[in-house]
Amino acid sequence: MATDAPRPAFYALDSGGWRDYVTLLHLPYTAWNLSYVVIGAALAPTIDAGRLIPTLVAFFLAVGIAAHALDELNGRPLQTRISDRTLIALAAVSLAGAVALGIYGAIAFSPWIALFVLIGAFAVVAYNAELAGGRFHGDLQFALAWGAFPLLTGAFAAAERISAAAAVAAAFAFCLSLAQRRLSTQVRDVRRRVVGVSGRIERRDGTTEPVTTETLIRAEERALQLMAVSVVLLAVALVLLHR
């Protein structure tokens with residue numbers, strides 16, 4: 001019976017000090033999310049850095065910091081030692097900064113951006129704080145909030161409209177994020193809840209392999225890592241296409 005205790009996430013560092021703050025950022029998944037923003041912006045005829053950079057910063061503050069701080073506050077899934085007070089402060093200040101950048105965009109470019117700001121701020125709090133008994137915290141909600149929405153926001157911030165191409169790309173982001181959620185559910189369960197695994201795999205050629213926590217998550221986690229890298233590379237490729 002295997003009783004090894006894996007880290008709460010493949011990107012989690014040893015607990016304590018500055019390492020907890022790095023772990024809190026969920027860097028591979030934050031990069032994945034920000035890549036959707038870039039992909040959306042890249043669907044415009046031109047990429048305006050004056051629009052894209054503030055949008056990326058807003059999403060980094062809202063998702064990379066605020067959403068993940070609220071998530072950690074709700075049950076400590078990453079097992080950090082960051083105090084509740086600090087997590088609340090990080091969430092509040094970061095979300096306020098993201099909203100402020102959104103208001104700037106609404107004033108400087110299009111008042112419709114304010115609608116994206118409202119939806120995004122609500123999604124961060126409702127999903128990660130599991131409001132209404134967790135009704136906003138599910139697979140479809142994840143795919144909408146962390147897949148389709150950032151891509152549509154990046155597209156609208158860049159072109160001030162949602163094109164047919166952006167709508168199709170949002171469907172791509174939705175489906176890929178749904179796949180991410182389905183894969184990560186198994187990984188999170190094993191890494192954060194399972195305390196022991198027993199059994200063995202017997203093959204027709206007579207070979208056997210003990211069942212361990214690594215056996216249960218190896219393929220899913222490698223797929224998640226490759227998917228994250230692939231989306232980032234796609235975003236970079238689309239940016240280079242505009243040069």
Going by distance alone, is a donor N or O of one side chain under 3.5 Å from an acceptor N or O of the other, for Thr208 and Arg200? no
Is the side chain of Asp20 donor-acceptor paired with the backbone N or O of Ser15 at a distance under 3.5 Å, no angle test? no
Interatomic spacing from CD in Gln225 to CG in Leu183 - rounded to 0.5 Å: 11.5 Å
With sequence neighbours excluded, what pairs up with Val187 under the side chain to side chain contact (heavy atoms under 4.5 Å, CB included) test? Arg191, Ile217, Glu220, Glu221, Leu224
List in chain and number order the residues that pass side chain to side chain contact (heavy atoms under 4.5 Å, CB included) with Leu178, two or more places apart in sequence or in another chain; answer none if no residue qualifies. Asp139, Leu140, Ala143, Phe174, Arg182
Indicate every side-chain donor-acceptor pair of residues 93-101 with a distance under 3.5 Å to a residue at least two apart or in another chain.
from  : atom 1 : to    : atom 2 : distance (Å)
Ser94 : OG     : Leu90 : O      : 2.8

Salt bridge or not between Arg135 and Glu130? Use side-chain N to carboxylate O under 4.0 Å. no
Applying side-chain hydrogen bond (donor to acceptor under 3.5 Å, both in side chains) as the test, list every pair that has at least one member in residues 162-178; sequence neighbours left out. Tyr36-Ser177
Close side-chain approach of Leu56 and Leu52, heavy atoms under 4.5 Å: yes
Kindly state each residue pair satisfying salt bridge (charged side-chain N to carboxylate O under 4.0 Å, His left out) with at least one member in residues 98-122, sequence neighbours excluded. none
Leu25 backbone acceptor or donor facing Thr30 side chain under 3.5 Å: yes
Sorted by first residue and then second, give each salt bridge (charged side-chain N to carboxylate O under 4.0 Å, His left out) pair with at least one member in residues 145-168; sequence neighbours left out. Arg51-Glu160
Name all pairs fulfilling the salt bridge (charged side-chain N to carboxylate O under 4.0 Å, His left out) condition that reach into residues 55-79, sequence neighbours left out, sorted by first residue then second. Arg76-Asp84
Dump the intermediate steps for side-chain contact (heavy atoms from CB on, under 4.5 Å) on Arg192 and Leu78, then the final yes or no. CA-CA 8 Å; Arg192 301 173 187 178; Leu78 292 178; 3.6 Å; yes
With sequence neighbours left out, what residues match Thr55 under side chain to side chain contact (heavy atoms under 4.5 Å, CB included)? Val37, Phe59, Thr153, Ala157
For Gly206, is there any backbone N or O sitting under 3.5 Å from a side-chain donor or acceptor partner on Arg203? no
Quick one: does Arg19's side chain have a donor or acceptor within less than 3.5 Å of a partner on Leu13's backbone? no
Rounded to the nearest 0.5 Å, the CZ atom of Phe149 sits from the CG atom of Asn33 at a distance of 10.0 Å
Step through the shown structure and confirm whether more than 12 heavy atoms of other residues, nucleotides or ligands are within 6.0 Å of CZ on Arg222. no
Applying ring-ring contact (aromatic ring centres under 6.0 Å, His included), which residue pairs with at least one partner in residues 210-232 are found, sequence neighbours left out? none
Any residue meeting side chain to side chain donor-acceptor pair (under 3.5 Å) with Arg188, in chain and number order, not counting sequence neighbours: Thr185
Taken in chain and number order and not counting sequence neighbours, the residues that satisfy ring pair (Phe, Tyr, Trp, His ring centres under 6.0 Å) with Tyr127 are His137, Trp146
Residues that Tyr11 engages under ring pair (Phe, Tyr, Trp, His ring centres under 6.0 Å), provided they are two or more places apart: His26, Tyr29
